2 protein chains.
Amino acid sequence: MASHDPLDVWRRPERSGVGPKPKHSRAAIVAAAIEIADKDGMAAVSIRRVAADIGAGAASLYRHLNSHDELVELMVDTVGGEYDLGPSAEPPRAQLLNLARQGRAIMHRHPWLAPLLLTRPSLGPNSLAYLERALAALVTVDMPGPAKLQTVAMLTAISSAFVQNELAQSAGPGAIDHGNKERLQHLSAAFQSGKYPHLAGALAGHLEQQSPDETFMGVIENYLAGAGLPVSVGFD
Amino acid sequence: MASHDPLDVWRRPERSGVGPKPKHSRAAIVAAAIEIADKDGMAAVSIRRVAADIGAGAASLYRHLNSHDELVELMVDTVGGEYDLGPSAEPPRAQLLNLARQGRAIMHRHPWLAPLLLTRPSLGPNSLAYLERALAALVTVDMPGPAKLQTVAMLTAISSAFVQNELAQSAGPGAIDHGNKERLQHLSAAFQSGKYPHLAGALAGHLEQQSPDETFMGVIENYLAGAGLPVSVGFD
DNA sequence: ATTGATTGCGATCACTGTTCGCAATCAAGT
DNA sequence: ACTTGATTGCGAACAGTGATCGCAATCAAT
């Protein structure tokens with residue numbers, strides 16, 4: 001009977017009057033799942049692992065969720081609640097820049113988040129609140145509604161892409177040095193073939209690159225400018 | 001003995017003189033995997049399924065691959081060979097724009113590709129050739145090497161993000177209408193709560209949006225301009 | 001002809017998401 | 001007070017996954 005669409009989590013009531021008091025709650029399950037994902041990665045978030053961590057049987061989770069996908073949906077929306085969406089009198093561009101900065105911070109706190117933001121159009125309450133807030137920032141901008149939606153969508157898309165790039169390069173403190181050495185070794189071997197002169201040249205350049213924070217803000221600012229949000233808009 | 005780093009596929013020779021003639025080749029395996037992914041999605045690309053499709057036992061694939069991850073790496077690099085990397089006399093910005101357009105086309109041909117481009121820094125021959133070609137386009141641009149790498153990386157990252165957004169919205173011809181109706185129904189229900197006035201307003205706007213192609217080129221062009229590649233560079 | 005590396009692969013292991021059926025529980029209806 | 005019925009927890013099971021092991025078959029080099 002239960003719908004298999006991962007979207008109706010948001011409509012379904014968590015529990016209805018009759019029956020024994022539930023030992024576990026949807027919130028507890030999601031919290032445990034997020035903790036696992038933060039620590040051991042998204043692949044470690046299995047039904048059995050989550051159940052074990054909250055002291056439940058594996059099958060019990062299916063009294064609160066309809067699928068593993070639904071759990072992911074809940075995870076995404078839950079961390080979406082970490083945004084500070086308070087109102088602001090700043091110009092639209094500054095507001096969106098601030099949202100993007102927060103988004104990057106959240107994705108750094110939860111490294112499993114970034115890829116998920118691109119694939120699924122999350123429609124949970126927190127995600128909708130974020131969307132609403134971003135659109136509110138654009139209320140003074142003269143732009144058709146769908147274009148505003150497009151702009152906001154690309155904002156989070158670019159942020160996600162940037163952070164994924166960041167995370168893929170650092171990838172962690174421990175075993176990654178080894179991995180990177182393998183990589184560099186492979187690359188230098190490729191270079192000795194002489195088939196990649198420009199690549200070799202680009203890597204040879206000094207690594208005096210600016211901080212990732214500045215780079216990120218630059219990328220976002222640049223996108224917003226091109227999207228019709230220059231530094232100063234209208235009369236402010 | 002075999003290294004578990006999915007990167008050394010590129011160093012390992014496919015076969016060495018002694019032993020029975022292999023019935024299956026790495027290329028055939030990867031081709032089958034790509035065909036499966038194109039038709040039934042990435043999730044359908046299991047070792048057993050690929051093996052069955054080329055008439056092999058499941059365990060046999062591990063004579064040619066060290067892991068499922070390695071197969072994915074090979075898939076990504078193989079479709080990377082679909083780029084036309086011929087030289088060009090156009091200005092840098094036009095060349096990169098052309099590469100981005102090709103990239104989007106490839107990601108549309110292989111809908112499983114876009115997410116993978118963000119997570120892994122593929123270092124196969126085709127991926128390296130692409131990188132080399134993109135850097136060659138930037139050879140006349142005055143910019144430190146690492147910054148050029150950053151630019152190219154963000155170029156494919158933004159393209160991937162854009163295409164993922166596209167694919168998530170269309171998602172297919174058949175059962176998606178139903179899914180979208182569910183979505184819109186959910187959304188309209190959320191709107192009746194009155195908590196999302198701006199969102200409601202944005203969706204109410206006429207959907208006379210420009211074609212995705214134009215939108216895409218606009219986004220890319222805009223990024224390149226901000227990255228230091230205006231319409232005309234230097235003396236051309 | 002013998003050696004030894006290499007291939008194909010059936011069987012198996014440790015997992016995964018998910019379903020089923022049953023016992024325990026508790027609110028509501030009589 | 002007691003029955004009814006929905007609801008929860010969960011052990012067992014199923015189909016599927018990636019990966020490993022050991023063995024027979026094969027073929028180049030000696």
Side-chain angles (χ1 to χ4, degrees), chain A residues 1-6 8-9 12-30 32-33 36-37 40-75 112 116 120, chain B residues 1-6 8-9 12-30 32-33 36-37 40-75 112 116 120:
Chain A
M1 207 55 53
S3 162
H4 281 247
D5 190 327
D8 63 50
V9 206
R12 215 172 43 234
E14 181 160 9
R15 78 157 276 202
S16 41
V18 188
K21 292 171 186 169
K23 295 183 190 172
H24 319 292
S25 71
R26 196 180 278 180
I29 293 174
V30 174
I36 294 171
D40 298 333
M42 199 57 192
V45 182
S46 69
I47 296 289
R48 285 172 176 81
R49 170 81 186 272
V50 173
D53 275 27
I54 66 172
S60 306
L61 294 206
Y62 286 90
R63 295 294 174 192
H64 308 269
L65 311 166
N66 277 337
S67 70
H68 183 261
D69 237 54
E70 233 178 59
L71 174 58
V72 176
E73 184 109 354
L74 287 167
M75 290 172 67
W112 45 271
L116 297 177
R120 49 194 77 215
Chain B
M1 203 61 52
S3 164
H4 283 246
D5 190 325
D8 62 51
V9 206
R12 213 172 45 235
E14 182 160 7
R15 75 158 278 198
S16 41
V18 187
K21 291 171 186 170
K23 294 183 192 172
H24 317 291
S25 71
R26 195 180 280 180
I29 293 173
V30 175
I36 293 171
D40 298 332
M42 199 57 190
V45 181
S46 70
I47 296 290
R48 286 171 175 80
R49 170 80 186 274
V50 173
D53 275 27
I54 64 172
S60 305
L61 293 206
Y62 287 92
R63 294 293 174 195
H64 307 269
L65 310 166
N66 278 336
S67 70
H68 183 262
D69 236 54
E70 235 178 57
L71 175 57
V72 177
E73 185 107 356
L74 287 167
M75 290 171 69
W112 46 270
L116 297 177
R120 50 195 75 215

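These figures come from a predicted structure and were not determined experimentally. Below, read A as the first sequence line, B as the second, and so on, with proteins coming before strands; counting in each chain starts at 1.
Atom-to-atom, CG of A:L61 to P of D:dC10 comes out at 9 Å; the value is rounded to the nearest Å. Separating the CG atom of A:D40 from the P atom of C:dT16 is a distance of 12 Å, rounded to the nearest angstrom. For B:K21 and C:dA5, the NZ to C1' distance is 17 Å, given to the nearest whole Å. One can place CG of B:D69 at 11 Å from P of D:dG18, the figure rounded to the nearest angstrom. The distance from atom CG of A:N66 to atom C1' of D:dT8 is 15 Å, rounded to the nearest whole Å. In this structure, OH of A:Y62 is placed 13 Å from C1' of C:dC20, rounded to the nearest angstrom. As a whole-Å value, the separation of A:L65 CG from C:dT16 C1' is 16 Å. Here C:dA23 presents its P atom at 14 Å from CZ of A:R63, a figure rounded to the nearest Å.
Residues A:L74 and A:L65 have side chains in contact (heavy-atom distance under 4.5 Å, counting atoms from C-beta outward). Within the 4.5 Å cutoff, no side-chain heavy atoms of B:L116 are placed close to those of B:E73. Using a 4.5 Å heavy-atom cutoff, the side chains of B:H64 and B:P22 are in contact.
From A:I47, atom CD1 reaches atom CD1 of A:I29 across 8.5 Å, with rounding to the nearest 0.5 Å. Here the CZ-CG distance, from B:R48 to B:L61, works out to 10.5 Å after rounding to the nearest 0.5 Å. Annotation: the span from A:E70 atom CD to A:Y62 atom OH amounts to 10.5 Å, rounded to 0.5 Å.
Here A:H64 reaches the OP1 or OP2 of D:dG9: one of its side-chain N or O atoms lies under 4.0 Å away. Of the side-chain N and O atoms in B:H68, none sit less than 4.0 angstrom from OP1 or OP2 of C:dC15.
Note on B:S60: a base of the nucleic acid sits closer than 4.0 angstrom, heavy atoms only.
A:A37 is linked by a side chain to side chain contact (heavy atoms under 4.5 Å, CB included) to A:M42, A:V45, A:M75, A:W112, counting only residues two or more places apart in sequence or in another chain.
Interface residues of residues 47-58 of chain B facing DNA chain C, ordered by number: B:R48, B:A56, B:G57; criterion, heavy-atom separation under 4.0 Å.
Side-chain proximity of A:K23 to the nucleotides D:dC10, C:dT16, C:dG8 is greatest for D:dC10.
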